[in-house]
There are 2 protein chains.
Amino acid sequence: MTVFDVAAEAGVSLATVDRVLNGRKGVRPATIGRVRSAVERLGFKRDSFAAGLATRRQERFCFMLPARGPNSFMNALRESVAAAAARMEENRVIVRILDYPAFDEQMLCRRLAELDPRDCDGVAAVAIESPPVRQEIDRLVARGIPLVTLVSDVSPSRRAHFHGIDNKAAGRVAASLIGRMVHVPRGKIAMVVGRMTLHDHADRRLGFEQVMRREFPQLALLPPIEGLDDSTVTEKLVGRLLALNEDIVGLYSIGAGNRGIIAALAHRRPSQAALPPPVTVAHELTPHARDALLSGLFTAVLHQDQEQEVADAIAALRALNRDEADFPARTVRLQIFLRDNVP
Amino acid sequence: MTVFDVAAEAGVSLATVDRVLNGRKGVRPATIGRVRSAVERLGFKRDSFAAGLATRRQERFCFMLPARGPNSFMNALRESVAAAAARMEENRVIVRILDYPAFDEQMLCRRLAELDPRDCDGVAAVAIESPPVRQEIDRLVARGIPLVTLVSDVSPSRRAHFHGIDNKAAGRVAASLIGRMVHVPRGKIAMVVGRMTLHDHADRRLGFEQVMRREFPQLALLPPIEGLDDSTVTEKLVGRLLALNEDIVGLYSIGAGNRGIIAALAHRRPSQAALPPPVTVAHELTPHARDALLSGLFTAVLHQDQEQEVADAIAALRALNRDEADFPARTVRLQIFLRDNVP
DNA sequence: ATGAAAGCGCTAACAG
DNA sequence: CTGTTAGCGCTTTCAT
């Protein structure tokens, strides 16, 4: 069952069948119909190996990530991208990793501006929410380089898709878990973000506060503190917060810097250590978060499958590159890990 | 960068390069070394499209599932298999779906016995735990047809892999959720299984009881009831149980038949309806479970990604078919859905 | 608007 | 043990 058989059945040549199959133009409607019905009758399915071999195009994509730093989530993401790059190489997809200093909008803009349509067929970027970035993304798209956002979105912008979890839902889930698991009648809830300009962190906070206010009004929300995704900074700030508020019964770690959270929780002052530890929900299952979960220091960890995010982003870029407008972008499933289902 | 270049660089022929690349025997160690280093030097990567095209083998696998019935989890699984079958067709993999009457060990055995190595290169089966089944699986493998278990394992047996979630862990997670979310000092916990001969159900119960007993001894475990994965049966049994025990504060639905659980919970007698509803954890995100979750009737649903299970099973069968002994079988990640992250 | 012919890079016979 | 040769089924020029 090959294109050849279809050609014979339809009474046309190989080339015409190919044109119809791939929606190329320059075929009379009547002929299209004949080929279509031949395909139908024979139950023809294209052999993707042969198709892949015959098209010798190479696709070149760029991943724009924050530079290597203390944020283990981002480091892990970089590994995922590198692994995907290696795997995709045999599918004629070349993935290059570029980076910008974390939180640095200006450098991100500059890096995006440098991209040349002649050696880059698409970009996946962990973005920062800001007008200049949005503008630069739009300019990139105008130049003919499609862009998808990864992990953290920029919206509204001309980016084609966002690949990541539903961060508002993540915040709501965290609130549900904490609210239902806190057993005291009242108390305070702390939030730690990396930085508010990160769209994903802002969304998580939004969802969290929404559910907290509506369903657990007896728990008081402290204003969020910014730990810059850095565990040293985070430890200092959280330590101070815990010392100042003896009655913190819940803690939501929205960003990175979990090592700092763990350290602060582990070193609570004796007066606090007597109380039950706050119900703590963190993000990203790094090795540290994993240990904190196993030791009972964290109650739950909300995680996103980075491999899937990366794979989805590459799939989307390929589709964009082939002008498949109807590519279905899916939201990466939020994963909840408790002590008993740690991977 | 092709095998041809590698051949030239190593000073051998195409065929020899191919032998080395694919680990075929009949090449002198010295030659192997020359080819390897040429590959290394040139950074050669095999083009999987060309490789796929050149091997014209067709793989034919069978999925052995319980017959279509009232169990929506199994119906959904069947859909997943059908979808995967369609997708794999263009990769030269043909998947056939076979079935046996649910719970019927004898028929399962008979169906397995009928399989012929001449038209089946591997089997993925949702199994039943019993000596005859185990024996029949071993016989199948002896006849040269590799088998992997799907969703529910049979162990020990000569099946190559199990593809599904860690069911003991699932039970432990359910216990953690219920235990931490029940706010009364004491009460009873109910368990509903499909049938104890299903390995996955038995495992979940094990994990559940283990954590319940150890961490929440103030909650009393009622003996599990068997609903046969049928919602009519389940509704009757659970209704009776709820009527007899006013102080049920937690409910773990281990198998299918969620519709029955939902009905029973929704129709609690007025005297009970005044109390807070039991903290309920169910399995399998069917549309009904989803609605129950959204309406607050279920507290959490534990789910497994069927698409991934099926994809993994097919990948494993392909590997077995190519005698890749070191294929890494992964455990499908247990998913936890709360009201706010329902897909 | 349609057809003929030349590969794409690899694997698999078969021959040495 | 190693080399030669003929495709796999599709896409892509180039002719018509």
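So that the names make sense, note that chain A is the first sequence line, chain B the second, and so on, each numbered from 1. Keep in mind the model is a prediction, meaning the values are calculated, not measured.
Ion pair A:Arg159/A:Asp153 flagged as a salt bridge, since at least one NZ, NE, NH1 or NH2 atom sits closer than 4.0 Å to an Asp/Glu carboxylate oxygen.
B:Asp166 is linked by a salt bridge (Lys or Arg N to Asp or Glu O under 4.0 Å) to nothing, counting only residues two or more places apart in sequence or in another chain. Looking at residues two or more places apart in sequence or on another chain, you find a side chain to side chain donor-acceptor pair (under 3.5 Å) between B:Glu114 and B:Arg111. With sequence neighbours excluded, no residue forms a side chain to side chain donor-acceptor pair (under 3.5 Å) with A:Arg19. Residues meeting the side chain to side chain donor-acceptor pair (under 3.5 Å) test with A:Arg333, sequence neighbours left out: none. Listed by chain and residue number, B:Arg330 satisfy the salt bridge (Lys or Arg N to Asp or Glu O under 4.0 Å) test with B:Asp312 (two or more places apart in sequence, or in another chain). The side chain to side chain donor-acceptor pair (under 3.5 Å) check on B:Asp18 picks up B:Asn22, B:Arg24, with sequence neighbours excluded. Residues forming a side-chain contact (heavy atoms from CB on, under 4.5 Å) with B:Ile32 (at least two apart in sequence, or on another chain): B:Val20, B:Val27, B:Arg36.
Looking at B:Glu309 and B:Gln304, their side chains do bring a donor and an acceptor atom within 3.5 Å of each other. Between the side chains of B:Ser37 and B:Arg41, at least one donor N or O sits under 3.5 Å from an acceptor N or O.
Within residues 29-39 of chain A, no residue has any heavy atom closer than 4.0 Å to DNA chain D.
For residues 138-147 of chain B, every residue pair satisfying the side chain to side chain donor-acceptor pair (under 3.5 Å) rule, not counting sequence neighbours, is listed here: B:Gln135-B:Arg139.
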Base-contact (B) and sugar-phosphate-only (S) positions in nucleotides 9-16 of chain C, heavy-atom cut-off under 4.0 Å, - elsewhere: BBSS----

Chi angles and distances behind the side chain to side chain contact (heavy atoms under 4.5 Å, CB included) call for B:Phe4, B:Val17: CA-CA 8 Å; B:Phe4 196 81; B:Val17 173; over 6 Å; no

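Axis angle between the ends of the helix from C:dA1-D:dT16 to C:dG16-D:dC1, five pairs each and rounded to 10 degrees, works out to 30°.
Protein chain A touches strand DNA chain D; the 5'-most and 3'-most nucleotides with an atom under 4.0 angstrom of its non-hydrogen atoms are D:dG9 to D:dT12.
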